[in-house]
Amino acid sequence: MAAMAFHPLAASRVHLLPAAAASAGPAAAAAGLAPSSSSSAAAHHRRRFSAVVATAAASASATTEFDFKAYMGERAAAVNRALDAAIPAGEPPAALHDAMRYALLAGGKRVRPALCLAACGVAGGREAWAMPPAAAVEMVHTMSLVHDDLPCMDDDDLRRGKPTCHVVYGEPIAVLAGDALLSLAFRHMASVDSYPPDVDPEKHPARVVRAIGELARCIGSEGLVAGQVVDLEMTGSTGIVPLERLEYIHLHKTAALLEASVVIGAIIGGGSDEQIERLRKYARSIGLLFQVVDDILDVTKSSEELGKTAGKDLASDKTTYPKLLGLDKSREFAEKLLCDATEQLAEFDKEKAAPLLHLANYIAHRQN
């Protein structure tokens, strides 16, 4: 297979395409991605995946019967308190702050903040150190949803089971609420007062600066925004969208912010460069996994189950993994991504890595 040029964000990416191309069938062939191996390779992959999952399951069992549901509930509650405290209630301009609070506090699983907190812990830091970046990541994520739902973008009127921000407050206020959330995210991360007093006074400032740079890169023209632009360009395309282009969109539009969440947590936690890069690879795998699963759910679940409009990608003629690969091959690809993510955690302390392991499994098997 010829070498392919990827955007700088994907330069050190986990190489996922050969396995997908091998199972992609006619759609991938039409996109110029030839099958790469025989059925023996597929059997090898299944054995490898089963072994990794078995090891992961054993590790999870060994970590004092980790209670993932309780873990996520506690982290979500803590993040919600931090978000609630970060945005004024009732202060002028009231319409703007109300819209920001409506979008930010409308629910959600808080997966990205949980990843940030867990990565800080696995890198050796205290979770409290990473709460300000975790809250900031959720502000950025909410901004992206508010803007993504606008009529000029994806034009959706349902988010997290509620009317979208622009439906309730109008398009101009929704745009400005998203802008304000983005600004607040960086202010919150940069503020000395956001952090607990026990951070290392010598090392912490440099870690915060590095973390801010990581977040800015992952959401700008090298990350989330780049993915959104290419996604808009490809929507309604009459030609066959190559698998590598679809992967580019989702590595940037979806995976980049998940990557930032993990890497920022590891930086704040004092992780070594080697640890941070392992966690970056883990994050890119689960980031792409998140989107593959999202594409599958979009065609297999109802709007009520999802809390957002189901079948929207199909209706707007967007290219998705099921559209290119079919449901079965998309599910196989998701399994490989889960396997790749799990492998990156093998060198970390099993008990500290348990949250990240369970988060990867949750992303792979979520139902909404």
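Residues: numbered from 1 along the sequence shown. These values consider heavy atoms only, across backbone and side chains, with no hydrogens, waters or symmetry-generated copies.
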Inset, instruction - Compute both the distance and the angle, then confirm whether R112 meets the cation-pi test with F290: under 6.0 Å from the six-membered ring centre, within 45 degrees of the axis. - result: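 Cation-pi check for R112 and F290: passes.
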
Compare every heavy atom of [Y] with every heavy atom of [X], then report the nearest pair and how far apart it is.
X: D98; Y: G90; value: OD1-N, 4.4 Å
X: M189; Y: P132; value: CG-O, 4.3 Å
X: P163; Y: L158; value: N-CD1, 4.4 Å

Other hydrophobic cluster members with [X], side-chain heavy atoms of Ile/Leu/Val/Met/Phe/Trp/Tyr under 4.5 Å, chained?
X: I173; answer: Y102, V168, Y169
X: V209; answer: none
X: V263; answer: I267, I276
X: L150; answer: M153, V175, L232

Considering only heavy atoms from C-beta outward, does the side chain of [X] approach that of [Y] to under 4.5 Å?
X: T300; Y: L327; value: yes
X: T342; Y: Y282; value: no
X: R126; Y: P196; value: yes
X: C218; Y: L224; value: no
X: I219; Y: L182; value: yes

Say whether, by atom type as modelled, one donor and one acceptor occur between the side chain of [X] and the main chain of [Y] under 3.5 angstrom.
X: S285; Y: D340; result: no
X: Y362; Y: K69; result: no
X: H358; Y: F68; result: no
X: T254; Y: G287; result: no
X: Q344; Y: A341; result: no
X: S330; Y: Y321; result: yes
X: Q367; Y: H365; result: yes
X: S191; Y: R187; result: no
X: D154; Y: D156; result: no

Using 0.5 Å steps for rounding, measure from the [atom1] atom of [X] to the [atom2] atom of [Y].
X: E259; Y: R284; atom1: CD; atom2: CZ; answer: 4.0 Å
X: L279; Y: I264; atom1: CG; atom2: CD1; answer: 13.0 Å
X: L257; Y: L215; atom1: CG; atom2: CG; answer: 7.0 Å
X: L104; Y: H141; atom1: CG; atom2: NE2; answer: 10.0 Å
X: L246; Y: T320; atom1: CG; atom2: OG1; answer: 7.5 Å
X: H250; Y: L289; atom1: NE2; atom2: CG; answer: 12.5 Å

Legend entry - Pairwise side-chain hydrogen bond (donor to acceptor under 3.5 Å, both in side chains) hits with a residue in residues 77-87, at least two apart: N80-R110, D84-R101

Hydrophobic clusters here meaning ILVMFWY residues chained together by side-chain heavy-atom distances under 4.5 Å, can you tell me if [X] and [Y] are in one?
X: V167; Y: L176; result: no
X: L337; Y: I286; result: yes
X: M131; Y: L184; result: yes
X: W129; Y: F186; result: yes
X: L325; Y: L288; result: yes

Inset, instruction - I would like to know whether D149 and D155 meet side-chain contact (heavy atoms from CB on, under 4.5 Å); could you show each step before the answer? - result: CA-CA 5 Å; D149 290 335; D155 190 16; over 6 Å; no

Inset, instruction - Output, in order, the C-alpha distance, side-chain angles, deciding distance and verdict of side-chain contact (heavy atoms from CB on, under 4.5 Å) for I268 and V208. - result: CA-CA 7 Å; I268 295 296; V208 171; 4.1 Å; yes

Inset, instruction - Show your working on side-chain contact (heavy atoms from CB on, under 4.5 Å) between L115 and V111 and close with a plain yes or no. - result: CA-CA 6 Å; L115 285 166; V111 170; 4.0 Å; yes

Hey, is [X] close enough to [Y] for a salt bridge, meaning N to O under 4.0 Å?
X: D294; Y: R366; value: yes
X: R75; Y: E127; value: yes
X: E214; Y: R280; value: yes
X: D295; Y: R331; value: no

Inset, instruction - Determine, step by step, whether F348 and Q275 satisfy the side-chain contact (heavy atoms from CB on, under 4.5 Å) criterion, reporting the C-alpha distance in whole Å, the side-chain angles of both residues, the deciding distance to 0.1 Å, and the verdict. - result: CA-CA 8 Å; F348 292 97; Q275 288 176 322; 3.7 Å; yes

Legend entry - Pairs touching residues 228-240 that satisfy salt bridge (Lys or Arg N to Asp or Glu O under 4.0 Å), sequence neighbours left out: D231-K253, D231-K318

Inset, instruction - Would you please classify the geometry between the H252 ring and the Y248 ring as parallel, tilted or perpendicular, with 30° and 60° separating the classes? - result: parallel

Inset, instruction - Fit a plane to each ring of Y71 and F66, take the angle between them on a 0 to 90° scale, and name the class: parallel (under 30°), tilted (30 to 60°) or perpendicular (over 60°). - result: tilted

